[in-house]
Trainee: 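Quick one: structure below, then a few questions.
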Amino acid sequence: MKFDFDAVTDRTGTCSLKWESNMRGYNEEGMIPLWVADMDFACPPQITEALARRVAHPIYGYSIEPQEFYTSLKDWIRRRFQVAVEESWMTSIAGIIPAMHVALEAYTSPGDKVIVQTPVYHPFFLSVKNRGREVVENRLLEDDGNYFIDFADLEQKVRDPQVKLLFLCSPHNPVGRIWSRDELLRLGRLCVDHDVLVVADEIHADLVYEKGSHLPYYALPDELSKQSLSLVSASKTFNIAGLFTSFALSSNPEILRAFQSAATRMGHEFVNLFGVQATIAAYQHGEEWLDQLLVYLRGNAQFIHQFLAEHVPQVSMRVPEASYLGWIDFRKLGLPQETLMWLLQKAKLGLHNGEVFGSGGTGFIRINFACPRSLLVEAMERLDRAIQSMGSTSFKPANKE
């Protein structure tokens, strides 16, 4: 079956955060919003059909997860990553961000330190701060748009006995890196040697452009993987994020039990009954849709890369190895971040301020390119026109009162 990702779907009237939230700088009148990480594509039809079947029953009370829920993930991991996992390794949780908060409660105490690798998805450090823990930054090294783990800095920081946990973003949001086996082994060894638990957010694991390029953390040698918890979901992959249904996975029974106990204490016993059905349908029937989606997404990323190189050479974006999120480098324009954001408002583009992602984000903007190509063409043309107007007085922001 051929899926049409060029089709434009009107999302007005659906209470879409991306399109209808009227957030200043992101959703103002006339803006193209390419910020929050959901896609402007219809999800696989089998998901819609599964939801319709469940909606047809007129009672939506408390529910349990059927065995099929966990089996579908087990089978998906075997097919997609050639990794054997057990259903006993899994538990459910209503979203990755709640899972991060639960992990902090399960494995750390107020005042403990947690390592995050900036620039990174901002709930990583916000969750740490909001739960009374201390953020320790292991800032990624950058070389001409390529990012690497600073292992010298990491080794120094894991030696601190107050460091109890490391949040790993794998694949990484927003820089789009897939960590190599050697990088993961080296990071894992440092964490095991210094008794630091790794919590790996692998929500973008399915969105890799080269099959087999992503190594799940739970697939590392037992000594390393048993000191970890992985967070996975069908939500980003199949555009069902609003159904708030995810998994936590660990081959270490003690780590999994501690997570489940903390989740119960925090009132996270249940997941969305529709999310369960959508997840099962996604993992059982969504593979052909996903394979076609990945070709389209890579084409969108290549379009942005090429457009900038040809029309706006002062601005650049590498094609990411994974995800539908691009990390655009505006540093050669030499603009303060506030002025850069004003430029985007002038262009009527709602893009994500790079400074939100912590140190290393200044001079960058994150773009969500999971949209029909026509919308992306319009966005890039708007950006081009705004940058070409920079020499005019109309570009300069008004003075603040």
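Numbers here are sequence positions counted from 1. Please read all numbers here as calculations on a predicted model, not as lab measurements.
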Trainee: Report the residues that fulfil side-chain contact (heavy atoms from CB on, under 4.5 Å) with E155, sequence neighbours left out, ordered by chain and then residue number.
Mentor: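 Expected list: R159, L190.
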Trainee: K113: what forms a side-chain contact (heavy atoms from CB on, under 4.5 Å) with it, not counting sequence neighbours?
Mentor: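 So K113 forms a side-chain contact (heavy atoms from CB on, under 4.5 Å) with E134, V136, D160, Q162, V163.
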Trainee: Does either side chain, that of E355 or that of T362, offer a donor lying less than 3.5 Å from an acceptor on the other one?
Mentor: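 Checked: E355/T362 side chains pair up, N/O donor to acceptor below 3.5 Å.
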Trainee: Please determine whether a side-chain nitrogen of the Lys or Arg among R79 and D75 lies less than 4.0 Å from a carboxylate oxygen of the Asp or Glu.
Mentor: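 Not counted as a salt bridge, because no side-chain N and carboxylate O are separated by less than 4.0 Å.
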Trainee: What residues form a side-chain contact (heavy atoms from CB on, under 4.5 Å) with R54, not counting sequence neighbours?
Mentor: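 Listed in chain order: H57, Y60, L273, F274, Q277.
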Trainee: Within a 6.0 Å radius of atom OH on Y209, are there more than 12 heavy atoms belonging to other residues, nucleotides or ligands?
Mentor: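 For Y209, atom OH is crowded (more than 12 foreign heavy atoms under 6.0 Å).
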Trainee: Keeping N27 on the side-chain end and N22 on the backbone end, is there a donor-acceptor pair under 3.5 Å?
Mentor: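 Side chain of N27 to backbone of N22: no pair is present.
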Trainee: Hey, is E105 close enough to R265 for a salt bridge, meaning N to O under 4.0 Å?
Mentor: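 No, no charged N to carboxylate O under 4.0 Å.
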Trainee: With distance as the sole criterion, is a donor-acceptor pair present between the side chains of W35 and N353 under 3.5 Å?
Mentor: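 No, no side-chain donor-acceptor contact under 3.5 Å.
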Trainee: What distance do L168 atom CG and L229 atom CG have between them, rounded to the nearest 0.5 Å?
Mentor: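 Rounded to the nearest 0.5 Å, the CG-CG separation comes out at 12.0 Å.
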Trainee: Begin with the C-alpha distance, continue with both residues' side-chain angles, and end with the deciding distance and a verdict on side-chain hydrogen bond (donor to acceptor under 3.5 Å, both in side chains) for Q388 and D384.
Mentor: CA-CA 6 Å; Q388 301 312 321; D384 184 20; 2.9 Å; yes
Trainee: Using distance alone, with no hydrogens and no angle criterion, decide if E137 and T118 have a side-chain donor and acceptor under 3.5 Å apart.
Mentor: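 Looking only at side-chain atoms, T118 and E137 do form a donor-acceptor pair, the distance falling under 3.5 Å.
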Trainee: Tell me, please, which residues at least two apart from F330 pass ring-ring contact (aromatic ring centres under 6.0 Å, His included).
Mentor: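 In terms of ring-ring contact (aromatic ring centres under 6.0 Å, His included), with neighbours along the sequence ignored, F330 is linked to no residue.
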Trainee: Roughly how far apart are L249 CG and L256 CG, rounded to 0.5 Å?
Mentor: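 Between L249 CG and L256 CG, I get 8.0 Å after rounding to 0.5 Å.
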Trainee: Can you sort out the partners of H214 under ring-ring contact (aromatic ring centres under 6.0 Å, His included), two or more places apart, ordered by chain and number?
Mentor: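 Partners of H214 by the ring-ring contact (aromatic ring centres under 6.0 Å, His included) criterion, ordered by chain and then number, come out as F81.
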Trainee: Would you say NE2 of H305 has more than 12 non-hydrogen atoms from neighbouring residues, nucleotides or ligands within 6.0 angstrom?
Mentor: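 Check fails, neighbour count at 12 or below.
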Trainee: For the pair F5 and F3, name the ring-plane relationship: parallel under 30°, tilted 30 to 60°, perpendicular over 60°.
Mentor: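 F5 vs F3 ring planes: tilted.
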Trainee: Please determine, by modelled atom types, if S250 and N252 share a side-chain donor-acceptor pair under 3.5 angstrom.
Mentor: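 Checked: S250/N252 side chains show no N/O donor-acceptor pair below 3.5 Å.
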Trainee: Quick one: list whatever passes ring-ring contact (aromatic ring centres under 6.0 Å, His included) with F151, sequence neighbours left out.
Mentor: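 In terms of ring-ring contact (aromatic ring centres under 6.0 Å, His included), with neighbours along the sequence ignored, F151 is linked to no residue.
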Trainee: Is any side-chain N of the basic residue among R189 and E183 closer than 4.0 Å to the acidic one's carboxylate O?
Mentor: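 Answer for the salt bridge query: no.
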Trainee: Determine, stepwise, if the pair Y62 / F270 fulfils ring-ring contact (aromatic ring centres under 6.0 Å, His included).
Mentor: CA-CA 8 Å; Y62 295 116; F270 299 104; 5.5 Å; yes
Trainee: For residues 357-372, which residue pairs pass the salt bridge (charged side-chain N to carboxylate O under 4.0 Å, His left out) check, not counting sequence neighbours?
Mentor: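 Found none.
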Trainee: Are any side-chain N or O atoms of H172 and backbone N or O atoms of Q117, one a donor and one an acceptor, separated by less than 3.5 Å?
Mentor: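 Yes, the answer is positive, given that a donor and an acceptor are paired below the 3.5 Å cut-off.
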Trainee: Please list all pairs passing the side chain to side chain donor-acceptor pair (under 3.5 Å) test where one or both residues lie in residues 81-91, with sequence neighbours left out.
Mentor: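 Sorted pair list: Q67-E87, T71-E87, T91-Q260.
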Trainee: Taking atom CE of M39 and atom CG of L207, what is their separation to the nearest 0.5 Å?
Mentor: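 With rounding to 0.5 Å, CE (M39) is 6.5 Å from CG (L207).
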Trainee: Between I149 and L187, does a side-chain contact (heavy atoms from CB on, under 4.5 Å) hold up when you go through it step by step?
Mentor: CA-CA 9 Å; I149 296 172; L187 179 146; 4.0 Å; yes
Trainee: Assess whether side-chain contact (heavy atoms from CB on, under 4.5 Å) is satisfied between Y107 and I255, documenting all intermediate values.
Mentor: CA-CA 8 Å; Y107 311 123; I255 286 175; 3.2 Å; yes
Trainee: Verify side-chain contact (heavy atoms from CB on, under 4.5 Å) between L308 and S316, making sure each step is shown before the conclusion.
Mentor: CA-CA 6 Å; L308 294 175; S316 62; 5.6 Å; no
Trainee: Specify whether Y70 and F247 have parallel, tilted or perpendicular ring planes, treating 30° as the upper limit for parallel and 60° as the lower limit for perpendicular.
Mentor: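 Judged by the thresholds at 30° and 60°, the geometry between Y70 and F247 is perpendicular.
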Trainee: Determine whether a donor-acceptor pair (N or O, by modelled atom type, separation under 3.5 Å) exists between the side chain of S235 and the backbone of I240.
Mentor: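 Between the backbone of I240 and the side chain of S235 there is no qualifying donor-acceptor contact (under 3.5 Å).
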Trainee: Hey, mind stepping through W179 and Y217 against ring-ring contact (aromatic ring centres under 6.0 Å, His included) and telling me if it holds?
Mentor: CA-CA 10 Å; W179 305 118; Y217 202 91; over 10 Å; no
Trainee: Charged N to carboxylate O under 4.0 angstrom, K348 versus E28?
Mentor: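 Salt bridge: no.
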Trainee: Could you pull out every donor-acceptor pair under 3.5 Å between side chains of residues 294-304 and any protein atom, sequence neighbours left out?
Mentor:
unit_1: Y296; atom_1: OH; unit_2: D6; atom_2: OD1; d: 2.5
unit_1: Y296; atom_1: OH; unit_2: R373; atom_2: N; d: 2.7
unit_1: R298; atom_1: NH1; unit_2: E210; atom_2: OE2; d: 3.2
unit_1: R298; atom_1: NH2; unit_2: E210; atom_2: OE2; d: 2.9
unit_1: N300; atom_1: OD1; unit_2: R373; atom_2: NE; d: 2.2
unit_1: N300; atom_1: OD1; unit_2: R373; atom_2: NH2; d: 3.2
unit_1: N300; atom_1: ND2; unit_2: F369; atom_2: O; d: 2.8
unit_1: N300; atom_1: ND2; unit_2: C371; atom_2: O; d: 2.9

Trainee: Look at K236 together with D38 and state whether they make a salt bridge at an N to O cut-off of under 4.0 Å.
Mentor: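 No, K236 and D38 are not salt-bridged.
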Trainee: Distance check, rounded to the nearest 0.5 Å: C169 atom SG versus I203 atom CD1?
Mentor: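 Nearest 0.5 Å value for the SG-CD1 distance: 9.5 Å.
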Trainee: Please, which pairs that meet salt bridge (charged side-chain N to carboxylate O under 4.0 Å, His left out) have at least one residue in residues 299-327, sequence neighbours excluded?
Mentor: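 Checked against salt bridge (charged side-chain N to carboxylate O under 4.0 Å, His left out) - neighbours excluded - the pairs reaching residues 299-327 are D144-R318, R177-E321.
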Trainee: Start with the C-alpha gap between Q284 and E68, add the side-chain angles, then the distance that decides, and say whether side-chain contact (heavy atoms from CB on, under 4.5 Å) holds.
Mentor: CA-CA 10 Å; Q284 290 183 344; E68 194 178 19; 2.9 Å; yes
Trainee: Does G363 offer a backbone N or O that forms a donor-acceptor pair with the side chain of Q337 under 3.5 Å?
Mentor: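 It does hold such a pair.
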Trainee: Is K2 paired with E288 through a side-chain N to carboxylate O contact shorter than 4.0 Å?
Mentor: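 Looking at K2 together with E288, the answer is no, because their closest N to O distance does not fall below 4.0 Å.
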Trainee: I'd like to check the ring-ring contact (aromatic ring centres under 6.0 Å, His included) partners of F238; sequence neighbours left out, ordered by chain and number.
Mentor: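 Testing F238 for ring-ring contact (aromatic ring centres under 6.0 Å, His included), a comparison that skips the adjacent residues, returns W76, W289.
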Trainee: Taking D153 for the side chain and D150 for the main chain, is one N or O donor matched with an acceptor at less than 3.5 Å?
Mentor: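 Not a single qualifying donor-acceptor pair exists.
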Trainee: Tell me, please, which residues at least two apart from D195 pass salt bridge (Lys or Arg N to Asp or Glu O under 4.0 Å).
Mentor: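 Partners of D195 by the salt bridge (Lys or Arg N to Asp or Glu O under 4.0 Å) criterion come out as none, since no residue qualifies.
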Trainee: Which of these, R133, K164, R131, sits in a side chain to side chain donor-acceptor pair (under 3.5 Å) with T108?
Mentor: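 In the set R133, K164, R131, the residue that makes a side chain to side chain donor-acceptor pair (under 3.5 Å) with T108 is R133.
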Trainee: Is there a donor-acceptor contact under 3.5 Å from the side chain of D329 to the main chain of V315?
Mentor: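 Side chain of D329 to backbone of V315, a donor-acceptor pair under 3.5 Å: no, none is there.
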